[in-house]
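Here is the naming used below: chain letters follow the sequence lines, and residue numbers restart at 1 for every chain. What you are looking at is a predicted structure, and each value in this text was computed from that prediction instead of being measured.
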Amino acid sequence: MSEHEKPSGEPVPVGRRGGKIDGLPKITGAARFTDDLTLPGMLHGAFLRSPHAHARILSIDVSAAAALPGVYAVLTGADLPTPYGVIPVAQDEHALAVGKVLFIGDEVAAVAAVDQETARRAAALIRVEYEPLEGVFTIEDALNPDKPLLHDERRRKGDTNVLRRVFQKYGDPEAGFAEADVILESSYDYPGSTHVPLETQVALAQPHPDGKLTLWSSTQIPHYLHRIVAKVLGMREQDVRVIKPDVGAGYGGKSDPFANELCAAALARKTGRPVKFILDREEVFYAHRGRHPTRMTLKMGVTKDGRITAADFKAWAAGGAYASYGVVTAYYFGVFLPLPYKLDHWQFESHRCYTNHPPCGPKRGHGAIQPRFALELHLDKLAHAIGMSPEALRLKNTVEPDTETSNGLRITSVALKECVDKVVAASGYLEKRGKLGPNRGIGLATSAYMCGALHPIVQSEMPQSAVQICADRSGRVSILSGTADIGQGSNHMLAAIVAGRLGIPETDCVVLESDTGLTPVDLGSYSSRVTFFAGNAAKMAAEQLYAVIRAAAAEKLGGDDVVMAGGKVFRASAPEKALEFADAVQLAEERHGTLGFVGHYKPPKIGSRFRRQSVGPSPAYSFTAQVAEVVVDPETGFVTVERIWAAHDCGKALNPTIVEGQIEGCVYMGVGEALGEEQSYTKTGLHRAPSILEYKIPTVFETPEITTIIVESNDKEGPYGAKEAGEGPQLSTVPAIANAIFDACGVWMNEAPFTPDRVLKAIERRDREARRAAAEEGA
Amino acid sequence: MPTEPDADLVLTLRVNGDRKRLLIPANRTLLNLLRQDLGLTGSKHGCDVGDCGACTVLMNGAPRLSCVTLAADAEGAELLTVEGVSVGGALHPLQAAFHEQVAAQCGYCTPGFIMALKALFDERPDPSDEELNEVLGANICRCTGYTKILAAARQARERMNGRSA
Ligand code: FES
Ligand code: FES
């Protein structure tokens with residue numbers, strides 16, 4: 001074993017630009033997404049959904065639906081009574097409503113029929129008798145003990161619809177505020193928004209004669225889906241195989257198990273035929289699991305010379321009908337606050353509430369986007385108040401590498417200063433701020449994000465990622481992994497790590513991913529964990545293979561200085577006598593036996609002074625700085641984001657083109673949330689904009705020119721130095737735009753999105769206040 | 001032309017150069033014809049109501065949203081889908097550029113963008129940036145921020161016009 005672990009000292013060439021190893025099928029139309037799969041005899045599913053936001057189900061009559069020619073099965077909540085949820089302490093969902101419906105669009109019954117049209121027609125024939133209940137639509141409602149509870153009966157007087165309240169306090173906030181020269185307090189509002197992956201949720205279930213089941217699904221977490229399908233269907237986990245085909249992206253929106261997946265499986269078992277269950281575009285807006293609309297207050301103090309002395313943050317989120325990942329959200333609201341700025345004395349209190357709306361969940365930058373918006377605006381306000389440049393205030397308070405935050409987060413690599421410097425220089429921030437003339441402005445924001453969670457959702461001492469690799473005699477290397485590539489390029493990431501170590505072209509690697517029947521467990525594509533966790537597992541496997549091949553080659557070549565590069569294996573001192581990689585593999589196989597290795601990743605045990613700190617800590621953090629340049633039309637309130645410069649510390653870019661793409665995608669999604677995207681509802685809980693057109697997704701015309709700058713801090717524990725790039729960069733975008741709006745026209749946009757009506761109102765308020773001030777001065 | 005939804009009709013058309021003759025329900029959309037009846041699943045359902053462009057195909061050389069086009073409208077037409085863009089196994093310069101620039105992240109929008117851009121390049125071999133933008137503006141991509149897509153379109157334009165890029 002010691003031989004496998006011997007460090008070679010040879011640098012690993014990673015960081016090639018350009019195409020992904022599995023990129024071509026997506027460009028030729030050959031890629032297979034779940035909806036592209038068909039099976040003989042396949043049936044199609046459809047839902048009946050609730051027209052009420054909150055109602056008791058008195059009776060369901062499916063007879064007319066069941067009698068419709070072409071219908072094979074109808075399910076209601078009684079058929080799938082087992083509750084589930086991703087978070088062990090929040091098992092509050094059912095595949096189909098049991099007893100009550102909790103939002104307009106909640107699934108009540110499911111039909112399998114010969115085609116989708118028949119299934120939909122049948123669903124419409126189901127008769128449900130409801131007793132409407134009072135709805136819970138606002139945070140005030142959710143906190144009000146006189147309102148009905150969504151889940152459970154009221155056990156104790158005073159029970160409310162708060163799913164989780166978190167309060168944490170570090171240092172001595174009171175003393176911290178006492179040290180401050182300036183203290184500011186503001187309220188902020190961040191809207192709900194949804195992911196809108198271009199592929200809707202699709203599942204295809206196939207029953208097998210031996211009672212087993214295969215489920216193909218557009219999920220980003222096959223592992224949790226696997227567990228929950230088995231649980232809800234009452235099956236053994238080893239009898240369920242979940243396969244994730246190509247996925248048309250997720251951004252967090254495909255992290256929960258969905259009713260269409262569970263119902264496809266149940267209907268397939270009931271009918272004995274394959275069942276495909278597709279959500280249409282409108283249904284995806286109701287399936288949601290997006291950003292929590294969040295109301296916040298933030299109080300912060302600074303000294304005259306710009307040291308942040310204390311903070312007090314409060315957040316209330318209207319989370320919709322089910323918990324989803326909401327317990328985690330409540331923690332994420334607060335635990336990242338002392339990042340990327342040193343903060344010793346602070347406290348936060350957050351409430352994640354239930355309301356009668358489609359459920360919120362994890363969306364890119366989960367739980368960190370809202371507080372980051374408040375905090376970054378607040379910093380600019382403070383900088384303004386003490387007459388310091390916003391970038392100087394930030395640099396003064398930046399966390400240092402290899403330190404620990406006041407709440408016990410272990411900080412390793414940090415290249416935030418470099419990010420700020422680069423983005424400031426590239427954008428001309430210092431020259432432009434305050435000088436771009438009326439209605440044009442520039443703004444800065446920074447942020448930090450996690451690279452996977454130290455503690456898994458389901459507590460376990462087992463590895464959180466595993467990768468298995470095999471070297472074929474032809475020189476091809478297969479990589480088996482449970483990771484879910486949903487477009488972010490994780491397959492390529494695995495190949496880049498393995499190929500880099502072995503000195504072969506990435507295209508000589510084949511990645512087989514996301515098949516719970518074949519691939520080793522990986523916890524999935526969420527919390528920006530894949531590069532750090534699965535990448536390290538791949539590295540561990542590759543290093544073992546490397547050592548075995550290298551030892552065999554050393555024996556053959558008669559020297560220890562063996563190098564593997566360019567598809568060849570040779571002694572550094574005698575490169576002319578090179579073995580082909582395939583020949584070296586064969587030598588190694590003769591010597592060692594079949595060349596298969598497994599690697600895994602389990603984050604280090606990082607002791608924390610704070611036992612309660614189980615949600616939030618990560619083995620590493622990424623850092624971002626962004627500058628936005630905007631133009632505000634003072635007549636219409638219309639904001640145009642012209643350019644964004646984004647510098648991101650991703651540790652090491654294993655493929656810079658892919659990393660740039662992640663940063664660009666983050667910025668884009670941030671621009672959408674800044675300018676108009678909003679998952680909002682009428683007073684009775686009806687979605688206001690359940691279509692791509694109405695929801696106002698930015699097209700190329702609303703998307704600014706984006707300049708990306710990759711900064712590499714080479715994290716000591718990251719795979720060949722790498723950290724995340726897929727979520728962190730979104731955190732800075734919205735506050736950078738808000739700060740630019742202030743620079744343009746002197747209004748603080750405490751409420752997002754920055755729609756023309758809001759901006760106009762803010763400008764009017766500014767003018768009113770200016771008139772009043774002038775009048776007072778005159779008087 | 002039959003109008004009742006359940007009436008069947010016979011349709012003759014060419015798809016990616018091949019002549020097809022099919023019996024289909026009159027309410028079949030062109031997208032479902034391609035995907036379900038012909039197994040050409042490269043064109044995607046993004047919204048099914050004409051909002052996203054993921055289903056774009058070329059009908060007699062012009063871009064068409066196949067989700068809101070009746071198959072019956074394609075009678076006698078010449079259709080090109082993403083599967084027909086690379087001829088004889090060679091990538092179209094647009095596809096090569098999309099690959100190199102990683103303009104496809106999840107790739108769900110990609111067929112639509114490639115078809116829309118191909119229609120432009122077929123008509124105007126050396127389009128301006130504004131013209132490229134105009135075409136991109138009709139399609140939604142949720143992954144890339146359009147940055148790499150635009151870079152790929154520009155790269156393809158330069159290469160197709162014999163300039164280095
Ligand atoms: S699927 Fe046709 S435009 Fe969206
Ligand atoms: S690449 Fe995913 S939608 Fe465009």
Side-chain angles (χ1 to χ4, degrees), chain A residues 17-20 23-33 35-38 117 195-200 246-251 278 280-281 485-489 492 655 657-658 660-669 671-672 691-694 697-701 703-706 708, chain B residues 5 25 27 35-36 39-54 81-86 91-92 94-112 114 132-152:
Chain A
R17 290 192 68 89
K20 298 192 274 195
L24 288 176
K26 296 185 168 173
I27 288 160
T28 59
R32 284 277 173 271
F33 297 80
D35 190 23
D36 301 337
L37 310 174
T38 6
E117 269 178 63
H195 322 74
V196 200
L198 213 50
E199 176 202 33
T200 67
D246 285 319
V247 168
Y251 325 111
I278 304 173
D280 68 22
R281 177 51 60 194
D485 195 324
I486 55 172
Q488 81 277 42
H492 187 91
N655 177 317
T657 320
I658 295 178
E660 285 164 10
Q662 287 303 301
I663 299 171
E664 288 154 3
C666 281
V667 168
Y668 163 79
M669 219 159 239
V671 169
S691 76
I692 286 183
L693 196 65
E694 299 160 287
I697 286 174
T699 68
V700 75
F701 300 121
T703 307
E705 184 182 342
I706 305 166
T708 52
Chain B
N27 64 349
R35 292 177 53 85
Q36 292 172 13
L40 294 167
T41 56
S43 310
K44 299 299 182 204
H45 290 282
C47 65
D48 275 334
V49 294
D51 288 347
C52 76
T81 72
V82 68
E83 289 92 342
V85 169
S86 43
L91 292 180
H92 186 279
L94 260 170
Q95 292 175 307
F98 262 66
H99 181 55
E100 217 171 292
Q101 298 288 341
V102 195
Q105 286 188 25
C106 76
Y108 205 78
C109 68
T110 312
I114 289 195
L132 291 176
N133 255 321
E134 203 63 46
V135 167
L136 260 43
N139 289 49
I140 296 284
C141 172
R142 205 57 181 151
C143 293
T144 61
Y146 311 98
T147 309
K148 298 282 188 240
I149 296 177
L150 194 58

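Residue contact with chain A, scored on non-hydrogen atoms closer than 4.5 Å, is absent for His92(B). Heavy atoms closer than 4.5 Å to chain A are found in both the backbone and the side chain of Gln95(B). Of the two parts of Leu693(A), the backbone and the side chain both hold a non-hydrogen atom closer than 4.5 Å to a non-hydrogen atom of chain B. At a 4.5 Å heavy-atom cutoff, the contact between Val247(A) and chain B is made by backbone atoms alone. Neither the backbone nor the side chain of Pro25(A) comes within contact range of chain B; no heavy atoms are under 4.5 Å apart. Only the side chain of Thr703(A) comes within less than 4.5 Å of a heavy atom of chain B; its backbone N, CA, C and O stay farther away. Only the side chain of Leu91(B) comes within less than 4.5 Å of a heavy atom of chain A; its backbone N, CA, C and O stay farther away. In this structure, the portion of His195(A) lying under 4.5 Å from any heavy atom of chain B is its backbone and not its side chain. For a residue to count as touching a neighbouring chain, one of its non-hydrogen atoms must lie under 4.5 Å from one of that chain's; by this rule Asp48(B) does not touch chain A. Contact annotation for Glu100(B): only backbone heavy atoms (N, CA, C, O) come within less than 4.5 Å of a heavy atom of chain A. Within the 4.5 angstrom heavy-atom criterion, atoms from both the backbone and the side chain of Ala249(A) approach chain B. With a threshold of 4.5 angstrom between heavy atoms, Glu134(B) approaches chain A through its backbone and through its side chain. Contact annotation for Tyr108(B): both backbone and side-chain heavy atoms come within less than 4.5 Å of a heavy atom of chain A. Proximity to chain A (any heavy atom under 4.5 Å) is restricted, for Ile114(B), to the side chain, taken from C-beta onward. Residue Asp36(A) touches chain B through both its backbone and its side chain, counting heavy-atom pairs closer than 4.5 Å.
In this structure, Leu198(A) CG and Cys52(B) SG are separated by 5.0 Å, a value rounded to the nearest 0.5 Å. Of the inter-residue distances, the one linking Gln105(B) atom CD with Gln662(A) atom CD reads 5.0 Å to the nearest 0.5 angstrom. The line from OH of Tyr251(A) to SG of Cys143(B) is 3.0 Å long, rounded to the nearest 0.5 Å. With values rounded to the nearest 0.5 angstrom, Thr657(A) atom OG1 is found 6.0 Å from Lys148(B) atom NZ. Note that CD of Glu117(A) and CG of Asn27(B) are 5.0 Å apart. Values are rounded to the nearest 0.5 Å. Separation of atoms SG (Cys106(B)) and CD (Gln488(A)) is listed at 10.5 Å; rounding is to 0.5 Å.
Considering only heavy-atom pairs separated by less than 4.5 Å from chain A, the leading option among Val85(B), Thr110(B), Leu136(B), Asn133(B) is Asn133(B). With chain A as the partner, the residue from Leu94(B), Leu40(B), Val102(B) showing the most heavy-atom pairs under 4.5 Å is Val102(B).
In this structure the side chain of Tyr668(A) reaches within 4.5 angstrom of the side chain of Arg142(B), judged on heavy atoms. Counting heavy atoms from C-beta outward, His99(B) and Leu24(A) have side chains that approach closer than 4.5 Å.
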Stepwise, does the side-chain contact (heavy atoms from CB on, under 4.5 Å) test hold for Thr28(A) with Glu83(B)? CA-CA 6 Å; Thr28(A) 59; Glu83(B) 289 92 342; over 6 Å; no

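Lys44(B) has no carboxylate O lying under 4.0 Å from a charged side-chain N of Asp35(A), or vice versa, which leaves the two without a salt bridge.
Pro698(A) and Ile140(B) make their closest contact through O-CD1, 4.4 Å (heavy atoms, listed as atom of the first residue, atom of the second, distance).
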